[in-house]
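A quick write-up on the structure given underneath.
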Protein chains: 2
Amino acid sequence: MASRANLSDIARALGVSVATVSNAMSGKGRVSQELGRVIREKAKELGYVPSLAGRALSTGRSHVLGLVLADIAHPLFPQFAQAIEHAASEAGYGVLIGDSRGDIDAQTRAINRLIERGADGIIVVPRHGTRIGDIGRPVAVIDSPSTPGNTVAADHWNGGMEIGRHLLDLGHRSLVIIGLHADSNVQNDRVGGIRAAFAGIGKTRLIWISEMERRHGSGCPLGLVRLVEEGVTAFAAVSDLHALRAITELQQGGISIPGDVSVTGFDDLIWAGVIAPSLTTMRMDMDRIAAIAIADLISQIEQEGTDGVLPDPKTIRDQNSIPMELIIRQSSGPMLGLPVSGETPPGFRGSASPTIDQV
Amino acid sequence: MASRANLSDIARALGVSVATVSNAMSGKGRVSQELGRVIREKAKELGYVPSLAGRALSTGRSHVLGLVLADIAHPLFPQFAQAIEHAASEAGYGVLIGDSRGDIDAQTRAINRLIERGADGIIVVPRHGTRIGDIGRPVAVIDSPSTPGNTVAADHWNGGMEIGRHLLDLGHRSLVIIGLHADSNVQNDRVGGIRAAFAGIGKTRLIWISEMERRHGSGCPLGLVRLVEEGVTAFAAVSDLHALRAITELQQGGISIPGDVSVTGFDDLIWAGVIAPSLTTMRMDMDRIAAIAIADLISQIEQEGTDGVLPDPKTIRDQNSIPMELIIRQSSGPMLGLPVSGETPPGFRGSASPTIDQV
DNA sequence: CTGAAAGCGCTTACAG
DNA sequence: CTGAAAGCGCTTACAG
């Protein structure tokens, strides 16, 4: 087995034609059961691994998909990449990554580079405030159900609704919503859902972090302690990252969570279960989203050049709003007014205190 | 421009041979300056994009590299992926991702899948406690300089040394080091460096989180408040993730940072600059590490099958221990004993308190 | 059911 | 300096 065996090696070893071997391996052309078996056996014996390059050249399909996130450094990227890689791999596709380092028009360049590399289609998680135009190739967009041209996404609006209801159920009536970018579809949907839940029942205020930071510098305090003094009892952030920022700012200000106030996030990022108190959050069903995105993309790829009509986009979209899951952890608890700081409210669902032997 | 132009289209349009066009485009064969110019111009005019599949088939090189992290969900993955993608892309290579969802022997399977997909070489960031055997293809391993077979890595030991010195300079003499896995080369190097700094000057204790969690359940408290009561004034975690866990646990216990104790991390993960207090940490020079890993990999790929001798591995290794950078933020401050909780120590380098108009 | 042949787009010795 | 030809490994009508 000096160098890799190819179809000809198998054909020669068996005295048949490469066409027959090819048919036997692909299961396409009609080959007798018996011969098929013999061929596949020989292939295994020779350690045959098909050459993707050869196949790509003759079929015009690379069986590679491109994954583009405007900013690969986003903390959600690992979840996306893992789910997409898994779904693609199941379908026999590889995943090429593209990055634009957060630069807006580099997003388009990243997509083009992937296409030049031969990607059969592209999965895009677009940067907030951008839209993907026609790129001359199949695309699947994962953004928000409210985004025009969106292929599949979590139902961010209902996710917001659920987290809002959760806080209402705990008795909260004065809420501050924390977002980052006012031009993000995803964030606006989440905010919209939360507000809809509170409508007519409780009061909400909205903070956009990017606007505060534009005025006061990156990493500036959000002034949350002051808000608590004014009567706010809960904070709902549209991302665990901002929830974390809120929690630490409040804790540093001597406010107890969830004793004094509740804090919730979104996305179940890596630290949500690890911090103290652990973070109540909403999780996307990444595997399902990825599976649908990949399936959609592959069906586009396979219908390409065919006169077959694509399924009605609207139909797809309607069934492609994927429910989110509420994960209740310690950071949200029943509203108790403002107990003496440090006191643990009766409803507190924390773990037991550490004992010395744990250290 | 119905379908993409290829070499023959250019050749036909100009009445020359495809061989000449190929040579002109690659700059390899000697083609007259003038003809070269004309050909390249025509190529541009026709919107020629070379077919990677065709090239791959004839050269046997895909110009694609595989990137394997045992667990793609690791919070460092974005940094790695971004740096590797950038360096590879500069060198004309694409990056295919492989994942093993944290499963140990799936790591090998992920590597093999990438190779079957035609990757010319693989970059591996191995799971703690694993080693990469011969995979019959060029590999670059990014782990730790102390790992046998390591290609390039941050100088984790010196990074530990620096963070240790930083804490010593602040006056700390009683330190707890927080690690996750006792079988991780990276973590052991970091721990070793910190201990070396404290040797003969201060006292250190070591906690491995994975062992505590095995006994007390995932997400269990680390008992840090108790340690502070016993006189510990600083905590050095080998990852920002554990530093975050420590900070929130301490804050929840009413301990002020950096008023009462200092906390430091490693890796400058996404939240390090965002939490309150922001986190002092050590950052790897990912771009440099990625550039070296890619360069090493490509030189292996190009020398493959040549009688050319590879550079002495030891030589490579010696120059491939990349310094880390200390990033001092608010979570570490001068040792002041145990001031009244909530009091801000004089040396505190925090931002101003928020004013109401920030909200 | 099986095979001979052409072709996918490129590169690379080898002639001229 | 330029071109004709073979070949990389596969697939796909088309004959037989």
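Throughout, protein chains are lettered first and strands after them, A, B, ... in sequence-line order, and every chain is numbered starting at 1. All values derive from a computational prediction rather than experimental measurement.
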Exercise for the section: Go through B:Val38 and B:Glu41 one step at a time and tell me if the side chain to side chain contact (heavy atoms under 4.5 Å, CB included) criterion holds. Expected result: CA-CA 5 Å; B:Val38 172; B:Glu41 199 162 274; 5.6 Å; no
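Taking side-chain N and O atoms only, A:Ser17 has a distance below 4.0 Å to OP1 or OP2 of C:dG3. In this model, the phosphate group of C:dG3 is approached by a side-chain N or O of A:Thr20 to a distance below 4.0 Å at OP1 or OP2. Residue A:Ser22 has no polar side-chain atom (N or O) positioned under 4.0 Å from OP1 or OP2 of D:dC10. An OP1 or OP2 oxygen of D:dT2 is reached within less than 4.0 angstrom by a side-chain nitrogen or oxygen of B:Ser32. The phosphate of D:dG9 has neither OP1 nor OP2 within less than 4.0 Å of any side-chain N or O from A:Arg55.
In summary, A:Glu116 and A:Arg113 do not engage in a salt bridge, as defined by a charged side-chain N under 4.0 Å from a carboxylate O. Taking a cutoff of 4.0 Å between a charged side-chain nitrogen and a carboxylate oxygen, B:Glu45 and B:Lys42 qualify as a salt bridge.
Summarising the geometry, the separation between CG on A:Asn23 and C1' on D:dT12 is reported as 8 Å, rounded to the nearest angstrom. Rounded to whole Å, atom P of D:dC10 lies 13 Å from atom CD1 of A:Ile39. If you measure from atom CD1 of B:Ile10 to atom C1' of C:dC10, you get 12 Å, rounded to the nearest angstrom. Look at CG on A:Asn6: it is 12 Å from P on D:dT11, rounded to the nearest Å. What separates CZ of B:Arg61 from P of D:dG9 is a distance of 13 Å, to the nearest Å. Between A:Glu116 atom CD and C:dG9 atom C1' the separation is 16 Å, expressed in whole Å. For the pair A:Arg37 CZ and C:dC1 P, the computed distance is 16 Å after rounding to whole Å. What separates CD of A:Gln33 from P of C:dT2 is a distance of 11 Å, to the nearest Å.
Picking from D:dG3, D:dT11, C:dT11 the nucleotide with the shortest atom distance to the side chain of B:Leu7 gives C:dT11. Comparing atom distances between the B:Tyr48 side chain and each of D:dG3, C:dC10, C:dC8 picks out C:dC10 as nearest. The side chain of A:Val31 approaches C:dT2 more closely than any other nucleotide in the set C:dT2, C:dG3, C:dC10. Checking D:dC8, C:dG3, C:dG7 against the side-chain heavy atoms of A:Ser58 singles out C:dG7 as nearest.
Counting any heavy atom pair closer than 4.0 Å across all strands shown, A:Leu35 reaches sugar-phosphate atoms only and no base atom.
Atom CD of B:Glu34 and atom CD1 of B:Ile39 lie 10.5 Å apart (nearest 0.5 Å).
If you check the side chains of B:Asp120 and B:Ser62, you find a donor sitting under 3.5 Å from an acceptor.
Using Watson-Crick or G-U wobble geometry with both donor-acceptor distances under 3.5 Å, D:dT2 finds its partner in C:dA15.
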